[in-house]
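Values reported hereafter were calculated over all heavy atoms of this structure, with side chains retained and with hydrogens, waters and symmetry mates removed.
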Amino acid sequence: MLKQRIMTSVVLAPLALLLVFYTPLQLFSLIAGAIVLLGAWEWASLMGLKKGAHRAVYVVITAALIGVLHFHWPIESLWQSGKLVADANYLFTLAAAWWIVATLLVFRYPKMARAWSQGLVMPAVAGFLTLVPLWLALNVLRSAEYGTSEQFGSVLIMVVLGIVWSADIGAYFAGKNLGKRKLMPNVSPNKTIEGLIGGLVTAVVFVLIFCFCSDVEYKQWLLYGALTIVIALFSAIGDLLESMFKREAGLKDSGSCLPGHGGILDRIDSLTAAAPMFALFYAWTVTL
């Protein structure tokens, strides 16, 4: 399993860098949409949809929602005169509200989650609120300052990815070496409070190193560090939410398309929460 994970990562890492830094805006938007739709296919399985035709319907509905956003806010015009289109910003506020609700669902598992999972409507809406804002967030970040610098948005995406990855790595090593108290044993038995704290510390260290290397003013370090803690906490909620739905569905992984890693959702679960929150903070900071 470890060998498979390493080999898959060796292939995925350069592809991710190529996607983030070297694809034109329109192509980036399409590929990001394809990744999200693969996640929707797997989410349909978590909802209990076993037949391919039923899962395809869910994917088509998700694609339609993305299509509406794409035609309403083309990626090249998401930022107008240096300011994000206001109603797109409000969508991120809606996404933030959803993740607050998701936090409640996770912490009240299994009581609230089992009531929530009765039927298809609520899990389907949860999937839309989890996946569609991710697509919009990636587009917003990638197109930021595009008229001035084609790579600025790419750096923003790498920062949010760095927060997620550093939090995951820090949580793994802190949990393995120091973990004693279970974080949420009903949702994810292997996660510990010490691991969560280690992940938060590692994410903040990553951002502060980035600030230092980018010559960010020292007076802004405290703000960026605090926002990083919030983003890293929600990235953990994204991970736990998917774990909760997998547990309800009786699945170990969301899929099997990535050898050693599981499915697409298993790789982007933390990002589904972190990216919209990062985009929300960035957009409000720039547009105020």
Side-chain angles (χ1 to χ4, degrees), residues 8 11-13 15-20 22-76 78 88 91-92 94-95 98-99 102 120-143 153 157 160-161 164 235 238-239 241-246 249 251 253-259 261-279:
T8 302
V11 174
L12 290 180
L15 289 178
L17 292 174
L18 181 65
L19 170 64
V20 172
Y22 298 106
T23 52
L25 286 183
Q26 288 290 350
L27 181 57
F28 174 87
S29 181
L30 289 173
I31 296 175
I35 293 171
V36 168
L37 293 181
L38 287 173
W41 175 265
E42 295 177 356
W43 190 278
S45 178
L46 301 184
M47 292 166 51
L49 299 178
K50 303 302 181 183
K51 293 183 178 180
H54 295 165
R55 295 168 71 179
V57 169
Y58 187 74
V59 172
V60 169
I61 296 173
T62 307
L65 293 173
I66 290 176
V68 170
L69 295 182
H70 174 73
F71 287 108
H72 189 55
W73 305 309
I75 186 171
E76 64 273 8
L78 269 168
L91 195 147
F92 289 134
L94 173 63
W98 153 244
W99 283 109
L120 295 177
V121 174
M122 299 305 286
V125 172
F128 297 144
L129 291 173
T130 299
L131 294 169
V132 175
L134 170 61
W135 175 84
L136 183 61
L138 292 174
N139 280 268
V140 163
L141 296 175
R142 181 65 180 86
S143 59
I157 292 179
V160 69
L161 288 175
V164 170
S235 76
D239 187 350
L241 181 75
E242 196 222 355
S243 296
M244 182 187 77
F245 276 106
K246 285 192 297 185
L251 299 173
D253 296 316
S254 64
S256 58
C257 61
L258 299 175
H261 290 267
I264 293 293
L265 279 178
D266 294 320
R267 291 302 90 208
I268 67 171
D269 51 4
S270 297
L271 194 62
T272 56
M277 296 302 296
F278 185 97

Quick check for you: to the nearest 0.5 Å, what is the distance between [X] atom [atom1] and [Y] atom [atom2]?
X	Y	atom1	atom2	answer
Arg142	Leu78	CZ	CG	12.5 Å
Ile268	Leu161	CD1	CG	11.5 Å
Ile75	Gln26	CD1	CD	6.5 Å
Leu30	His70	CG	NE2	6.5 Å
Ile35	Leu271	CD1	CG	9.5 Å
Leu69	Leu136	CG	CG	6.0 Å

Using every non-hydrogen atom in the two residues, find where [X] and [Y] come nearest and quote the distance to one decimal.
X	Y	value
Ser270	Asp239	OG-CB, 3.7 Å
Tyr22	Leu17	CD1-O, 4.0 Å
Gly39	Ile264	N-CG2, 4.2 Å
Leu37	Ile66	CD2-CD1, 4.2 Å
Leu138	Phe28	O-CE2, 3.5 Å
Ala274	Val164	CB-CG2, 3.6 Å

Problem set entry | Over 12 foreign heavy atoms within 6.0 Å of NZ, Lys51 |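 Result for NZ/Lys51: open.
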A side-chain contact here means heavy atoms from C-beta on lying under 4.5 Å apart; do [X] and [Y] qualify?
X	Y	value
Phe245	Asp269	no
Trp99	Thr272	yes
Leu120	Leu49	yes
Met47	Arg55	no

Looking at [Y], is its backbone amide N or carbonyl O close enough to the side chain of [X] to form a donor-acceptor pair, meaning the two atoms are under 3.5 Å apart?
X	Y	result
Asn139	Trp135	yes
Tyr58	Trp43	no
Glu42	Leu265	yes

Problem set entry | Trp98-Thr130 side chain donor-acceptor pair, cut-off 3.5 Å |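 A donor-acceptor contact under 3.5 Å links the two side chains.
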